[in-house]
Structure formats: C-alpha cells, structure tokens
Amino acid sequence: MSDDRPGIESDDSVVDPANPYTLQRADDHHAFWADAVADRVEARVDDQRERGVRDRDDPIVVKGGISPSGVPHLGNVNEIMRGYYVAEVLRERGHDVRQVFTADDRDPLRKLPRTLCDLEGNLVDLGEVDAGALGRNLGAPYTDIPDPFGCCDSYGEHFSTIIQDSADAVDVPIELISNTELYETGAFDEMTRYVLENRDRAREVLADYQDKVDDDYVPFNPICEECGKITETVTGVDLEGEPSVEYRCTDMDAGERPIDGCGHEGTATLREGKMPWRFEWPTQWEILGVDFEPFGKDHAEGSWPSGQDVARNVLEIEPPVPMVYEWFTLDGEPFSSSEGNVVLVSDVLELLESEVLRYFFAKDPAKARDFSIERLDQLVDEFDRLEAVYFDEVDADEDETAFAKRVYPLVVEEPREERIRLPYTFAAVLGMTDDPDLREEIARREGHVPDDAPGWAVEGALARVEQARNWARRTGNEFDYELKRREIPDHEFDDATEDALAELADYIEEGHDPDEIQGEIYETAKRHDVDVGDFFGAGYRLFFDEEQGPKLGPFLAKVDREFVVDRLRRER
RNA sequence: GGGCCGGUAGCUCAGUCCGGCAGAGCGUCUGGCUUUUAACCAGACGGUCGCGUGUUCAAAUCGCGCCCGGCCCGCCA
C-alpha cells in the first residue's frame, strides 16, 4: 500500500523489511552483514523522526534476551554478539546506541535441567544440588525459586549473573534488564492494562497463530498467591481502579507431564503475573523502545510473525528491525545441557583469545555452523589469517580483503600491527614445557618472534601457549605432548637401537650444544645402522610416549642433563 | 503435508544480493630448510558448485521442479 506511484511496477525482488531473513540482501552491497542491518535500522529511525514520533536525541536501542533457565551455553552468545556488531556499526556512524538485554526471568521453570553450573562455570549434576526443592518449584517464575547454589537471590539471578559474566568476558557492554523487575516496578503496568482493555483485539490477532485462543482467552497469566505457580486460567478481569484479574490455579501443560495447579481461587494485580510471550515480547519492544533485535531461527516462523502483528495491530507500534541467526552445533551435535553437550563462554576462553570468539560471531548469521572444539585450530588459523589480510601481510582476493578490512577493527580492541601470533598448533607443542623462558626461546629459534619485537607482543604471543595447551589436553590430540618425567613409557627396541641410545647418552653426558646433539642423533643412528626416523621415534617414545614431537636435539639440551641421560639409558 | 533457511575440493569455508576463467586455508603428495620428526618455504594433486530443467552469447549465481539436513506450522519460550 505504500508503493503505489504510477509507472513503478511492483517488483518481487524488493527487500521486504518484515522478512527477518533478507537482511543480508540490501540495496547496497556491504562486505559485512551488520552494515546492511544498520542501513535498515537507520532507515527506520529516519522515518520515525520524519513522522515526528521520535526525538532527535533518543538513543537507538538494540535488544537481545533469553530465559535464565539453566546453563547459558555458547549458542546464547549469538543473542549478545549479533546485536553488538550492529550496535558498534551504528556507533561508528555517530549514533548513540544502547544495547539492552532482557533476562526473561519471570518465565516459569517448566522442567528440571539435568545439568546446572556454579558461578565459576563448573558443570554440576542435578543430583548434587537440592533437586527436590527445585521440583517443588516447577511452574514458578525463575526469580521466585531459591538459588540451588545458595549464592544468589534466586535461580533466575544465578543464571542471569552468568549471562552478564559471559558478556563481560567477550567485552560487550550490555544493560541487563530483569523482566521480573519490569513487572514489579510497574514498567509494564500501562501496557498490560492496555492489552487487557483491548483483549478482544488481542484474541483476534493471536487466534491467527494459535489454535488454543478462544473467547475465554485472556492475555495475562497470574502467579498463584497460594502455591506461587504461574497459572493460565483467568476467570475475570477488573480494570476499574487498581486493575486486577481473578483466577483459578489450574494444571499447566509443560510437555511430557503437566504441572499440577493447586486449585486456589484468588485475585492478582497486573504486577503479580506476566503476559504470555507472544504479547510480552512486543510489549518489551514498546517499553524499551527497541529498534533492532536478532533472534534464533526457532522464532522466525512462530513468534516473529505473530509478534509483529501484535505490535502493529494491538499495540499500534512499529516492530523493530528483525534478523534471524542460524543455530550452530557443538562438535557436530546440538547444544544440550541434558546430554552434557554444552560449553560455556568461560570454558572457551580457556582455549582461545576472546578476539577469536568474537570473530566467530562476525561470520554470516544465515549459515549454520559447527563450533568444533576438536578442530579449534582451524578457527584460530582463520582468525590469524583475517588479521594478516588486514595488515596486508598475505595475499587475498577482493572479497576476503574487503571483509577483513571492514571486520577486523570491530573484532579486536585495537588493531596493532606489531602483534605476534604463534600458530595455534605450534603453541600447543610449546605447551610441552612449563618453563616460560624455554617456551620463548623455542618460539624465537623457530622464527616466530622477531628479534626487535616489543615486550607486550611477546607476552601476548606466549599467552596463547596456555590456551593451546589446554586445548591439546582437553582433546587429547596429537599436539598433546607432555614430557613423561615421572615414569618411563612402555617401549621395545632392538639391540642396535639400544646400543645407539646408550652411546647418545654418553655423548649428552659430556655436555654439548643443542645443534651438536641434534647432529649427533643422526650420526649415532647411522653408525648403528638404525633408520634415522626410527631412532627419532625411539626418542619421542622415551620422552613423550608419542611417535612425533618437537625438534629433539635442542629440546634434550634444555631439559636437565641427568634426567635425559638416565632416561636414554632407560634407568628411570 | 505446508512455509522458511542451508547444501561449493577429503575437511572447514569464501564467492550467490550484482550472471563473465571454480577460489582460500587445512589435509595429502613431491621437493627445500648445507643431516627426513611439530613449525616454516616452494610446487603438485584435488570439483557433477545437492539433482534436473528453463532463460541467456554466458549460470555456483536468475526462474521452476525435485532430493537431503535443520527450524517452524501443538503448547511454551
């Protein structure tokens, strides 16, 4: 209806602003998806200013949100990072931007999670906390349930805290907003009342999306004053004076088994309950003034279509610019706390730098991806390449260059050309020794650290060694070298090899340079007619219980001589 | 069954919006690093762009049909 200018033929390829999928296809081509999204947000803001429904100094609001229902895993970081990039692009363009994040903590606990985690991110089995207390609270809002760890005011606050910690860890400033608080402080009052006043229209709109909406449907779910559970059966609405609803506490359908209601009949004010999600979400847009919100693909065909309809035709507001992001998997499997397939932000940051994690979320949101711990080296290599392309250190085609130039400055805190990145798998190998000086020396000798490198750059490079070692240990992969000091690994050598090892021991006992030892390994093998590769293999077996390892000569020269000699003689 | 998103080298992915030589990294193989092991350097091998079809001088790219995977179309969020 907006485009009826004569002579302009309708064109199906025109981007539909209500379609959350088409965001990446804007009129102007951008190397980075967030620029295309920002164009749309700006168009929305301009339009609202022109129509006089928006003040010039109102900030642009980017929103995200999740229920603090349990272990906040890496998938939830989409909700933080996708909004962040759009917020940053808009800030870059000179806008004042708030990134708000709702903890949807008035939602009821619908089923018991099998796994929880403490504030440090340690996973804990349900059986290790008071599961009974949680079970009795099924159906109650997260913020009304005691924290099973006893460290926070409620279950909801416990997991909200971890969400906030995750955002801090990836250096994204969010304003965390408790949904319960919005109800309790009255921020929802006016809109809740409005929706109840217009409940006929609310019903009519929602009935197009949900079959259960009938003439008795009331868009408000009170909390039972008797048992504390959220109930769905409203028997009367009174909007005169202090608005309230009458209810009967009935069973709630929660998937496999219903949550029993207590049968209590009572009265609740509009602060003592919540709107159903399909109304609550659009209402949050209005209360918080939301201009942009990314959401997972599960919302794309359900909540979003009804949400924008409710916004326009019940609340009479313009819904925010939407964007769908694809879900990703963890080592090929869906995230699942019950199956133990979860990883927290804090876990991931023990394995790589936060910049690398931020980079992961800068990639095209429309593509489903696998976050592979097993192949984390690939992701880190990809990031290192992005960085090198940005600094013109490697050749890349036009597209890759454009992406790197645009995205890299948003991914890191500050581009610093003198930074040093040890290749991730090499860093893992360096983790074989705990000696920081030895790590640095080997890194220098192998040419990864320039002689004139500034101290901060060397420090930064070596910081990766800890992370890469954690990765190698966690995955137990071929880079998991560990000097087997305490006991000698199982081994079986032929006589010639044993003689050669004995001779090498004598040589090392005399004291020689790293390079001399390396040379002597070859010479000794040749003298005893042992295959050089096999002889190195024997060395790796004795010291690492592996087939491969670091360059052996220089390494043996650095470990204390008595131990090396004894081990070569297989005495300890 | 209907709607939507994705499918490109062994692996991970870019390129698709705007049609114009099929790309990168890893892996593999060969060679180099004045003595084969991680790393590093050079080169090689590697493709039915899910399948079919239409449009076009020209299709990974646009249209249509189909196949496979995921999400939604009950409730909840």
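A quick note: this is a predicted structure, and the numbers were derived from the prediction, not measured. Lettering follows sequence order; numbering is per chain, from 1.
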Whole-Å P distance, C76(B) and C68(B): 32 Å
If you measure from the C1' atom in U16(B) to the same atom in A59(B), how many Å do you get, rounded? 11 Å
Strictly by Watson-Crick or wobble contacts shorter than 3.5 Å, is anything paired with A77(B), and which nucleotide is it? none
Just the rounded figure in Å: distance from C1' of U16(B) to NE2 of His30(A). 17 Å
Who does G6(B) pair with, Watson-Crick or G-U, both distances under 3.5 Å? C68(B)
Which part of the nucleic acid does Ser303(A) contact within heavy-atom distance under 4.0 Å: base, sugar-phosphate only, or nothing? base
Measure from CG on Asn78(A) to P on G70(B) and round the result to the nearest Å. 19 Å
To the nearest Å, how far apart are Asp211(A) CG and C72(B) P? 16 Å
For Trp327(A), which contact category applies under a 4.0 Å heavy-atom criterion: base, sugar-phosphate, or nothing? sugar-phosphate
Between G6(B) and Lys297(A), is there an OP1 or OP2 to side-chain N/O distance shorter than 4.0 Å? no
Using Watson-Crick or G-U wobble geometry with both distances below 3.5 Å, tell me the partner of A14(B), or none. none
Closest to the side chain of Lys212(A), out of C72(B), C5(B), C76(B), is C76(B)
Complement of U61(B), any strand, by Watson-Crick or G-U distances under 3.5 angstrom: none
Protein-nucleotide distance (Glu293(A), atom CD; A77(B), atom C1'), rounded to Å: 13 Å
Quick note, Glu326(A) side chain, CB onward, closest among G74(B), C76(B), C5(B) is C5(B)
Residues which pass ring-ring contact (aromatic ring centres under 6.0 Å, His included) with Tyr85(A), listed by chain and number, not counting sequence neighbours: Phe32(A)
Mind checking if His299(A) touches a base, just sugar-phosphate, or nothing, with heavy atoms under 4.0 Å? base
In whole angstroms, how far is the C1' atom of G2(B) from the CD atom of Glu301(A)? 11 Å
For Leu379(A), which contact category applies under a 4.0 Å heavy-atom criterion: base, sugar-phosphate, or nothing? nothing
From U35(B), C73(B), A39(B), pick the nucleotide closest to the side chain of Phe426(A)? A39(B)
With under 30° as parallel and over 60° as perpendicular, where do the rings of Phe328(A) and Phe335(A) fit, or are they tilted in between? perpendicular
Determine the interatomic distance between C1' on G65(B) and the same-named atom on G47(B); round to the nearest Å. 25 Å
So which nucleotide from U35(B), A39(B), C71(B) ends up closest to the side chain of Thr425(A)? A39(B)
So, the side chain of Asp534(A) versus the backbone of Asp531(A): is there a donor-acceptor pair under 3.5 Å, distance only? no
Taking CG from Asp384(A) and C1' from C40(B), how many angstroms apart are they, rounded to a whole number? 15 Å
Can a donor-acceptor pair be found, under 3.5 Å and without considering hydrogens, that links the side chain of Tyr155(A) to the backbone of Ser69(A)? yes
In the strands shown, is G19(B) matched to any nucleotide by a Watson-Crick or G-U wobble pair with both distances under 3.5 Å, and which? none
NZ/NE/NH1/NH2 to OD/OE distance under 4.0 Å, Arg248(A) and Glu232(A): no
Report which part of the nucleic acid Gly519(A) touches: base, sugar-phosphate, or nothing (heavy-atom distance under 4.0 Å, all strands). base
Does the side chain of Leu357(A) come within less than 4.5 Å of Leu74(A)'s, by heavy atoms? yes
Given the C1' atoms of G19(B) and A58(B), what is the spacing between them in whole Å? 8 Å
Here the distance between atom C1' of G23(B) and atom CG of Asp395(A), to the nearest Å, is 14 Å
Of the candidate nucleotides C75(B), G25(B), G3(B), which contains the atom at the shortest distance from the side chain of Arg385(A)? G25(B)
Assign each of Phe536(A) and Trp277(A) to its nearest nucleotide of RNA chain B by heavy atoms, then name whichever residue's nucleotide is nearer the 5' end. Phe536(A)
Phosphate-side-chain proximity, Gln210(A) and C76(B), N/O vs OP1/OP2 below 4.0 Å: yes
Are the aromatic rings of Tyr408(A) and Phe391(A) close, with centres under 6.0 Å apart? yes
Between C49(B) and A60(B), how far is it from one C1' atom to the other, in whole Å? 4 Å
With a non-hydrogen cut-off below 4.0 angstrom, is Val429(A) in contact with a base, only sugar-phosphate, or nothing? sugar-phosphate
Tell me, please, whether Tyr390(A) has Lys405(A) positioned over its six-membered ring: NZ or CZ under 6.0 Å from the ring centre and within 45 degrees of its axis? yes
C1' spacing across the pair U56(B) / C66(B), given as an integer number of angstrom: 23 Å
Generate the contact string for nucleotides 8-15 of chain B. Rules: B means base contact, S means sugar-phosphate contact only, - means no protein heavy atom under 4.0 Å. ---BSSSS
Between G50(B) and U8(B), how many Å separate the two C1' atoms, rounded to a whole number? 10 Å
Aromatic ring proximity Trp285(A)/Trp304(A), centre distance under 6.0 Å: yes
Of the nucleotides C76(B), C71(B), A39(B), which one has an atom closest to the side chain of Glu232(A)? C76(B)
Passing candidate, side-chain hydrogen bond (donor to acceptor under 3.5 Å, both in side chains) with Trp281(A), options Glu293(A), Gln308(A), His299(A): Glu293(A)
Who does C33(B) pair with, Watson-Crick or G-U, both distances under 3.5 Å? none
For nucleotides U28(B) and C11(B), find the distance between their C1' atoms and express it as a whole number of Å. 12 Å
For the pair made of CG in Asp105(A) and C1' in C76(B), what is the distance, rounded to whole Å? 17 Å
Of the nucleotides C40(B), A77(B), G3(B), which one has an atom closest to the side chain of Asp107(A)? A77(B)
For Arg421(A) and Glu353(A), what are the C-alpha separation, side-chain angles and deciding distance, and is it a salt bridge (charged side-chain N to carboxylate O under 4.0 Å, His left out)? CA-CA 11 Å; Arg421(A) 303 286 181 193; Glu353(A) 295 96 336; 3.6 Å; yes
